[in-house]
> 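This is the structure I want to talk about, given as structure tokens.
Throughout, a chain's letter reflects where its sequence line sits, starting with A, and its residues are numbered from 1.
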Amino acid sequence: MTTAEESDQVVQRRANLDELRKLGVNPYPHRFDLGESIEAVVGAHSSKTGEVLDAEAITTRTAGRILTIRTFGKANFLVLSDGKTRLQVYIRQDALSERDFKIFKLLDFGDWVGVEGRLFRTKTNELTIWASSLEFLAKCLLPLPEKWHGLTDVETRYRQRYLDLIVNPDSRRVFEVRSRVVSAIREFLTTRGFLEVETPMMQSIAGGALARPFTTHHNALDIPLYMRVAPELFLKRLTVGGIERVFEINRNFRNEGISTQHNPEFTMLEFYWAYADYRDLMTLSETLLADVAQKAIAADEVVYGDHTISLRPPFRRLSLREAARDAASRRLGESIDLEVLRSRDSAAALAGRLAVPIEPGMGAGKITAAIFEALCEGDLIQPTFVYDFPTEVSPLSKQKADDPDTVERFELYVAGFELANAFSELNDPVEQQHRFEEQLRQRAGGDEEAHAMDSDYIRALEFGMPPAAGEGIGIDRLVMLLTGSLSIRDVILFPLMRPK
RNA sequence: GGCCGGGUAGCUCAGUGGUAGAGCAGCGGACUUUUAAUCCGUGGGUCGCGGGUUCAAUCCCCGCCCCGGUCACCA
């Protein structure tokens, strides 16, 4: 492969740039007096007929990148894009000054130009600017992907997202939806009295989730630091501080595998709601998702892969133990008692019969969760709240009043993946201390994802945290769902790639 | 990390143990309402990188790099 600098097309483009300079054109001017964006022009006039346009004689002044050039000698067409909307420009020799027509002849596909002219419709009824002047705005020195096939190579699309955005309108659409999703969530929560905050992303104890952190180091303080795996413990400190409704939308970092559903840095919404419990959160979640879908894509159902998913409340609700028990019963063709999942030995035996791999340190709760994940998770296509988790896998959740082995927690599954995780918050400092100690035992037993001790968090709880419920929603996954994207990398502008 | 698939022109892709192909893009020409414009002519490649086998390797063999899918781990 020839280096870009040497290739023919680049030589040609540089030559055109030099020719512009010889004409006295500054190929990189400082500004352009933009009348309106292409999107605004099209938005305002796309419904008007040719007769109406001719009668109104609308002159417009806009700018964009040239996506195609069709030449016919003395009459030519450009297609300009403002990154979102496209508009055709008619370049007719007798309508332009000699200088502007010379500029036109030096244009390459990809260059940025500004035009001024009257709007009309061509014989084929396309809304078009009849250019009366042309301004050169910036040069595209490298050849762009071609117009017909576009850019399909996924590696290039992720590594050089700007190219993807230039030539693939669908890519731009995904990030428009993403922006609306985040705006809609902010609006939803702030109108309900939630305060948006930012908490540390660099933490000396990476807590709030069971995950492996990235490690780093602060030179001046000479201390190790971790990139956060969750904002949870800081947001709950804020509820201790009296911020009764609080949320954060920000990045989490987890030093784990990469897949179509996992990027090492990902965006989470976490919110905490004093005086509420996990049941209140189920209702709020349904309302929020339906509201966000309406605002972001104006729909109450989405097509995702082979499925049509309804986001109309209420969502299905399924107890985790019952789901695991039912799936195991179906798999083995016999009726299994829920009590089997309550003791370590019988649960382990069941896992063995189901060929679900377990490890020596796992108790009944972890085994039950493993059975659920292996047998049920992928089948939860329509939105489903899976509720009542084993205490063993939920070190920060509040136990059910009548069942200390179970916590008030749910996960929301859609399209076979986990979209949200929520629970009634454990606010008893003594119980929290015990849970951390149990996590330390698991860590000592080799579980690298077990939660670390956070004594300051215990102290905060000792000052009294109101009863509260909290929830995390994966923004990337929500955007995947709402845009039909099958890979998380399609909804993250610059996903992590191995350097070349 | 395991397994499977891929890496050839700017882009999308064929292809072969014997000097590397197409479409689009580019360049030259014709054309004053085209839209994948059309027509005529034409340039363009370290076939991912490194070794090996061979008279000869883009092709066969070995190693490596990058990407995708999948499994494992996780949200």
> Once you apply a heavy-atom cut-off of 4.0 Å, does A/Asn263 come out as touching a base, just sugar-phosphate, or nothing?
base
> Rounded to whole angstroms, how far apart are CG on A/Leu481 and P on B/rA75?
19 Å
> Listing time: all N or O pairs from protein to nucleotides 22-24 of chain B that are below 3.5 Å?
residue	atom	partner	partner atom	Å
B/rG23	N2	A/Glu146	OE2	2.9
B/rC24	O2'	A/Glu146	OE1	3.0

> Grab the two heavy atoms, one from A/Glu265 and one from A/Ile492, that are nearest each other, plus how far apart they are.
O-CD1, 4.1 Å
> Does A/Arg92 make a side-chain N or O approach to OP1 or OP2 of B/rU32 shorter than 4.0 Å?
no
> Inspect the surroundings of CZ in A/Phe188 and state if more than 12 heavy atoms from other residues, nucleotides or ligands are less than 6.0 Å away.
yes
> Contact list please: residues 126-133 of chain A against RNA chain B, heavy atoms, distance less than 4.0 Å, in numerical order.
A/Glu126, A/Trp130
> For A/Arg251, does the CZ atom have more than 12 heavy-atom neighbours from other residues, nucleotides or ligands under 6.0 Å away?
no
> Roughly how far, to the nearest 0.5 Å, is the CD atom of A/Glu116 from the CZ atom of A/Arg61?
5.0 Å
> Quick check on contacts: within residues 68-80 of chain A, what sits under 4.0 Å from RNA chain B by heavy-atom distance?
A/Arg70, A/Thr71, A/Phe72, A/Gly73, A/Lys74, A/Ala75, A/Phe77
> Taking only side-chain nitrogens and oxygens of A/Arg13, does any of them come within less than 4.0 Å of OP1 or OP2 of B/rG26?
no
> Within 45° of the six-membered ring axis of A/Phe389 and under 6.0 Å from that ring's centre, is NZ or CZ of A/Arg409 located there?
yes
> Looking at A/Ile473 and A/Ala420, what are the two nearest heavy atoms and their distance?
CG1-CB, 3.8 Å
> Let me spell it out: for each of A/Met497 and A/Asn125, pick the nucleotide of RNA chain B with the closest heavy atom. Which residue's pick is nearer the 5' end?
A/Asn125
> Return no unless some side-chain N or O of A/Arg159 is found under 4.0 Å from OP1 or OP2 of B/rC67.
yes
> Mapping A/Pro143 and A/Ser487 to their closest nucleotides on RNA chain B, which lands nearer the 5' end?
A/Pro143
> Please round to the nearest 0.5 Å and tell me the distance separating atom CD of A/Gln88 and atom OG1 of A/Thr122.
6.0 Å
> Kindly check if the number of other-residue, nucleotide or ligand heavy atoms within 6.0 Å of CZ (A/Arg316) is above 12?
no
> Measure from the side-chain heavy atoms of A/Glu418 and tell me the nearest of B/rC27, B/rU34, B/rA75.
B/rA75
> Any donor-acceptor pair under 3.5 Å joining the side chain of A/Glu256 to the base of B/rA75?
no
> Nearest to the A/Gln9 side chain among B/rA25, B/rU34, B/rC27, which nucleotide is it?
B/rA25
> Expressed as a whole number of Å, how far does the C1' atom of B/rA9 sit from that of B/rG15?
14 Å
> Both distances under 3.5 Å, Watson-Crick or G-U wobble: on that basis, could you give the dot-bracket string for RNA chain B, with [ ] for crossing pairs and | for other-strand partners?
(((((((..((((....[..)))).(((((.......))))).....(((((..]....))))))))))))....
> Within 45° of the six-membered ring axis of A/Phe266 and under 6.0 Å from that ring's centre, is NZ or CZ of A/Arg477 located there?
no
> Heavy atoms within less than 4.0 Å of RNA chain B: which residues of residues 93-109 of chain A have one? Give them sorted by number.
A/Asp94, A/Asp108
> Please find out if less than 6.0 Å separates the ring center of A/Tyr278 from that of A/Phe423.
no
> Counting only side-chain N and O atoms of A/Thr152, is one of them less than 4.0 Å from OP1 or OP2 of B/rU12?
yes
> Taking any heavy-atom pair under 4.0 Å as a contact, classify A/Gly150: base, sugar-phosphate, or nothing.
sugar-phosphate
> Need one value for A/Phe120: base, sugar-phosphate or nothing, where a base atom within 4.0 Å counts as base even if backbone is also close, heavy atoms only.
base
> Look at the side chain of A/Val154 and decide which nucleotide, out of B/rC67, B/rU70, B/rA75, has an atom nearest to it.
B/rC67
> Anything under 30° is parallel, anything over 60° is perpendicular, the rest tilted; go ahead and classify A/Tyr413 against A/Phe372.
perpendicular
> Could you work out which one of B/rU12, B/rC66, B/rU32 sits closest to the side chain of A/Asp153?
B/rU12
> Among residues two or more places apart or on two chains, list those pairs meeting salt bridge (Lys or Arg N to Asp or Glu O under 4.0 Å) that have a residue in residues 50-60 of chain A.
A/Lys48-A/Glu56, A/Asp54-A/Arg118
> Take atom CZ of A/Phe410 and atom C1' of B/rA75, then tell me their distance rounded to the nearest Å.
15 Å
> Just how far, in rounded Å, is C1' of B/rU12 from CD of A/Glu155?
16 Å
> Checking all strands, does A/Gln261 fall into the base, sugar-phosphate, or nothing category for heavy-atom contacts under 4.0 angstrom?
base
